[in-house]
Protein chains: 2
Amino acid sequence: MEKTLKNLKSILAANNYKLTSQRKLILDILLNNEGEHLSAEEVYNIVKKEDPGIGLATVYRTLELFCELGITQQLNFDDNCRRYELDTGEDHHHHLVCSKCGKVTEFNDKILEEFEKDLQIKHKFKVTDHRIKFYGYCEECQ
Amino acid sequence: MEKTLKNLKSILAANNYKLTSQRKLILDILLNNEGEHLSAEEVYNIVKKEDPGIGLATVYRTLELFCELGITQQLNFDDNCRRYELDTGEDHHHHLVCSKCGKVTEFNDKILEEFEKDLQIKHKFKVTDHRIKFYGYCEECQ
DNA sequence: TTTGGTGCAAAACCTTTGCATTCCT
DNA sequence: AGGAATGCAAAGGTTTTGCACCAAA
């Protein structure tokens, strides 16, 4: 299911959560910033422009809820905060992290899908997901 | 170069750092706990047994220094703290993170080495390293 | 001797929590 | 109306920092 504003209501309702203006706004921001990997603080700074009264705790609680509902995914780029992106469910993308400027870019692939089956057998580990980060230097920093 | 206690002195000297008893002890602990992924707090608790007067800040500073010198690597398993392991430089291993019990196991591979060359061309990204985490369920938790 | 390292305590961060109030349904 | 969500401020946990003292080179 797509994670649009229209679906938010039914996703929430299906899980006995309420549709609030704050939740709508935050999803809206995530939709308008696809490709970014926003931290709670960054979402807060953006959402404050629309709703100056919103609290940072609400942003944290909302992002946590969105992860629980599969709307977002948590990321970690070793920069001392948790980052979030929409979980589209379709494209399996990974991240290229520049060691110099810190820029994070994405690329799509399915390279590891058959490798996962191997792990199941060799290591008796039932894989549900994987995350790859490549470290190196982006075009500008090389 | 191997990361043994004997080499520590020359690695440090080559970078104008001093060989202190605290640094020796901490490297010793990392060597005795290969396969573990210790946090600063955990290293602190172990090292305190040998040197009760050591400070937590020293452990943090030492682990940071070791990373800078390529002696250790920082890991992040999304459990709210940074973890460290010796950087042997040879075996390229990755982690299997159990979503239920949190256990982290390792496996070796070289699967992505040729894939890195691809990235260089397609995304103009010069890869220096990569990190893969597989999420799923370990043998006991399936 | 000189420079860097340590321990301590305080500060800095990011994130979570308690509680009274407000808002959905 | 009733329960869930919010905002605020306080608390929690991890990591960093300032500074006086100490130790390695």
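Note on naming: letters A, B, ... go to the chains in the order of the sequence lines (proteins, then strands), and numbering restarts at 1 for each one.
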Novice: Could you please name the option among C:dG7, C:dT15, C:dC24 that lies closest to any side-chain atom of A:C81?
Specialist: C:dT15

Novice: Starting from C1' on C:dG4, measure out to CG on B:L19 and report it in whole angstrom.
Specialist: 13 Å

Novice: Starting at atom CG of B:D78, determine the distance to atom C1' of D:dT14, rounded to an integer number of angstrom.
Specialist: 15 Å

Novice: B:Q22 side chain N/O closer than 4.0 Å to the phosphate oxygens (OP1, OP2) of C:dG7?
Specialist: yes

Novice: When you compare the side chain of B:L96 with that of B:V104, does any pair of heavy atoms fall below 4.5 Å?
Specialist: no

Novice: Determine the contact category for B:R23: base if any of its heavy atoms lies under 4.0 Å from a base atom, sugar-phosphate if only primed atoms, P, OP1 or OP2 are that close, otherwise nothing.
Specialist: sugar-phosphate

Novice: What is the distance, rounded to the nearest whole Å, between atom CG of A:D51 and atom C1' of C:dC23?
Specialist: 13 Å

Novice: Measure centre to centre between the rings of A:F107 and B:F125, then say whether the value is under 6.0 Å.
Specialist: no

Novice: B:Y44 has an atom OH; how far is it from atom P of C:dG7, in whole Å?
Specialist: 9 Å

Novice: Between the base of C:dG4 and the side chain of B:R61, is there any donor-acceptor pair under 3.5 Å?
Specialist: no

Novice: Give a yes/no answer on whether the side chain of B:R82 brings an N or O atom under 4.0 Å of OP1 or OP2 in D:dT16.
Specialist: yes

Novice: When you match B:N80 and B:V59 each to their closest nucleotide on DNA chain C, which lands nearer the 5' end?
Specialist: B:V59

Novice: Closest approach to the side chain of A:T58, judged atom by atom: which nucleotide of C:dC14, D:dG2, D:dT6 is it?
Specialist: D:dT6

Novice: What is the distance, to the nearest angstrom, from the CG atom on A:L8 to the P atom on C:dT25?
Specialist: 10 Å

Novice: How long is the gap from NE2 on B:H37 to CG on B:N76, to the nearest 0.5 Å?
Specialist: 12.5 Å

Novice: Does a side-chain N or O from B:T20 land closer than 4.0 Å to OP1 or OP2 of C:dG4, or not?
Specialist: no

Novice: Can you tell me how far C1' of C:dT6 sits from NZ of B:K48, to the nearest Å?
Specialist: 16 Å

Novice: Kindly indicate whether the side chain of A:L30, heavy atoms from C-beta on, has any atom under 4.5 Å from the side chain of A:L63.
Specialist: yes

Novice: Can you confirm whether B:L65 sits close enough to B:E68 that some side-chain heavy atom of one is under 4.5 Å from a side-chain heavy atom of the other?
Specialist: yes

Novice: Measure from CG on B:L75 to C1' on D:dT14 and round the result to the nearest Å.
Specialist: 17 Å

Novice: Starting from C1' on D:dA25, measure out to CG on B:N15 and report it in whole angstrom.
Specialist: 16 Å

Novice: Both B:Y17 and B:R83 contact DNA chain D. Which one's nearest nucleotide lies toward the 5' end?
Specialist: B:R83

Novice: At under 4.0 Å, does any side-chain N or O of A:Y60 touch on OP1 or OP2 of C:dT15?
Specialist: yes

Novice: Where the side chain of B:A57 is concerned, which of D:dA9, D:dT15, C:dA9 is the nearest nucleotide?
Specialist: C:dA9

Novice: Determine: side-chain N/O of B:S39 to OP1/OP2 of D:dT14, distance under 4.0 Å, yes or no.
Specialist: no

